[in-house]
Asks: 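Just passing along the structure, written as structure tokens.
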2 protein chains.
Amino acid sequence: MTRMHKENSLSKNQQIIFDLIDKSPEPLKAYTILYNVQKKGINAPPQVYRALDKLVEVGKIHKIESKNAFVACKNSDCEISKATAFSICESCEVVDEISDIKLSKYLSSFNHKKGMKFKRFNLEFFGLCKKCK
Amino acid sequence: MTRMHKENSLSKNQQIIFDLIDKSPEPLKAYTILYNVQKKGINAPPQVYRALDKLVEVGKIHKIESKNAFVACKNSDCEISKATAFSICESCEVVDEISDIKLSKYLSSFNHKKGMKFKRFNLEFFGLCKKCK
DNA sequence: TTACATGCTGTTATATTATAACAATTCTAA
DNA sequence: TTAGAATTGTTATAATATAACAGCATGTAA
Ligand SMILES: [Zn+2]
Ligand SMILES: [Zn+2]
Ligand SMILES: [Zn+2]
Ligand SMILES: [Zn+2]
């Protein structure tokens with residue numbers, strides 16, 4: 001495989017899987033991804049999960065924890081995913097990444113009474129989107 | 001089974017499983033729960049998951065989505081779990097439910113630009129607890 | 001009473017999500 | 001060019017969660 005020199009580049013499998021997630025209008029589950037990349041020679045779950053792990057690590061995608069599904073970051077990689085917020089429609093299941101500076105600042109500077117210093121947060125809002133309400 | 005008349009009461013299985021979670025200093029996973037209640041005659045996963053679903057629904061417990069584990073609500077049942085926030089230590093895995101009125105109000109009144117009205121949120125903070133940092 | 005609806009239970013089987021373990025190859029920096 | 005790191009490919013298995021069906025208890029309506 002033609003490999004570029006460094007840092008920002010994704011490996012072959014990572015790129016294939018990122019492209020699929022990035023094109024998708026909805027969060028994708030790991031096995032949905034697997035079925036959709038088998039034609040590209042990715043045959044087994046570990047190949048998918050490894051790529052997903054890496055993509056999450058570098059902030060190219062996020063995991064929607066309440067759905068076990070993955071979306072591409074729409075938000076300059078969220079400072080490597082330290083501060084993520086999503087709106088999730090309980091009816092049509094559409095997920096949008098929220099990018100609200102005030103919200104992000106507010107939560108990033110939130111300090112726990114018990115002396116814990118937070119490095120990261122994930123926030124998931126649920127409701128009905130415009131179309132569904 | 002002796003059935004009480006209504007509302008607040010939990011069924012036998014629900015009570016057994018709630019008691020176990022409530023006593024636990026840490027979040028419990030479904031199969032950990034299963035192993036621990038087999039002596040009480042709860043033998044199969046659906047029995048556990050059904051009780052968990054109900055307990056979540058009535059706000060007696062919460063699911064920590066990033067860990068697939070359950071904790072008892074420490075916070076007057078969080079208005080039936082409409083507004084939950086947790087701190088999670090990435091080292092020792094201790095989880096605390098955050099009850100911060102200002103935070104809760106701020107998030108409950110947060111409105112999405114795209115016109116979505118939120119009914120519920122779940123927030124998970126990650127970091128190192130006092131002991132681990 | 002009978003009939004029906006609801007909620008809980010028990011059970012088997014299966015679906016879905018995720019990782020362990022190992023071998024081989026490719027990339028990168030020195 | 002060579003050693004380490006990252007990535008890949010592969011098989012098997014672990015961990016998490018639900019489908020489907022049957023039974024029983026309670027409450028309510030006919
Ligand atoms: Zn993002
Ligand atoms: Zn919708
Ligand atoms: Zn609570
Ligand atoms: Zn800790």
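The structure displayed is predicted, hence computed values, not measured ones.
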Asks: Identify the two heavy atoms, one from A/Ala44 and one from A/Leu34, that lie closest to each other, and give their separation to 0.1 Å.
Replies: N-CD1, 3.8 Å

Asks: How close or far is atom P of D/dT7 from atom CD1 of A/Ile16, stated in whole angstroms?
Replies: 14 Å

Asks: Listed by chain and number, what are the ring-ring contact (aromatic ring centres under 6.0 Å, His included) partners of A/Tyr106, not counting sequence neighbours?
Replies: B/Tyr106

Asks: Of the residues in residues 43-56 of chain A, which ones touch DNA chain C at a heavy-atom distance under 4.0 Å?
Replies: A/Pro45, A/Pro46, A/Tyr49, A/Arg50

Asks: Which pair of heavy atoms, one from B/Cys89 and one from B/Leu128, lies closest together, and at what distance?
Replies: SG-CA, 4.0 Å

Asks: OP1 or OP2 of D/dG9 sitting under 4.0 Å from any side-chain N/O of A/Lys12?
Replies: yes

Asks: For B/His62 and B/Glu97, which heavy atoms make the closest approach, and how far apart are they?
Replies: NE2-OE2, 3.1 Å

Asks: For the pair made of CD in A/Gln14 and P in C/dC27, what is the distance, rounded to whole Å?
Replies: 13 Å

Asks: Phosphate oxygens OP1/OP2 of C/dT9: is one of them under 4.0 Å from a side-chain N or O of B/Ser11?
Replies: yes

Asks: Which whole-number value in Å describes the distance from A/Lys40 NZ to D/dG9 C1'?
Replies: 18 Å

Asks: How close or far is atom P of C/dT9 from atom CG of B/Asn13, stated in whole angstroms?
Replies: 4 Å

Asks: If you look only at pairs with a residue in residues 22-43 of chain A, which of them pass as a salt bridge (charged side-chain N to carboxylate O under 4.0 Å, His left out), with sequence neighbours excluded?
Replies: A/Asp22-A/Lys74

Asks: Taking the inter-plane angle between the rings of A/Phe125 and B/Phe121 on a 0 to 90° scale, is it parallel (under 30°), tilted (30 to 60°) or perpendicular (over 60°)?
Replies: perpendicular

Asks: How is A/Lys67 classified with respect to the nucleic acid when contacts are heavy atoms under 4.0 Å: base, sugar-phosphate, or nothing?
Replies: nothing

Asks: Does B/Val94 share a hydrophobic cluster with B/Val71, counting links as ILVMFWY side-chain heavy atoms below 4.5 Å and allowing steps through other members?
Replies: no

Asks: To the nearest Å, give me how far apart CG (A/Leu10) and C1' (D/dT8) are.
Replies: 15 Å

Asks: State which residues pass ring-ring contact (aromatic ring centres under 6.0 Å, His included) with B/Phe18; sequence neighbours excluded, sorted by chain then number.
Replies: none

Asks: Could you tell me the separation between the CD1 atom of B/Ile64 and the C1' atom of D/dT16, rounded to a whole number of Å?
Replies: 16 Å

Asks: Does a side-chain N or O of A/Asn68 approach OP1 or OP2 of C/dA18 to a distance below 4.0 Å, or not?
Replies: yes

Asks: Could you list the residues that satisfy ring-ring contact (aromatic ring centres under 6.0 Å, His included) with A/Tyr49, not counting sequence neighbours?
Replies: none

Asks: Heavy-atom contacts under 4.0 Å between residues 17-33 of chain B and DNA chain C, which residues?
Replies: none

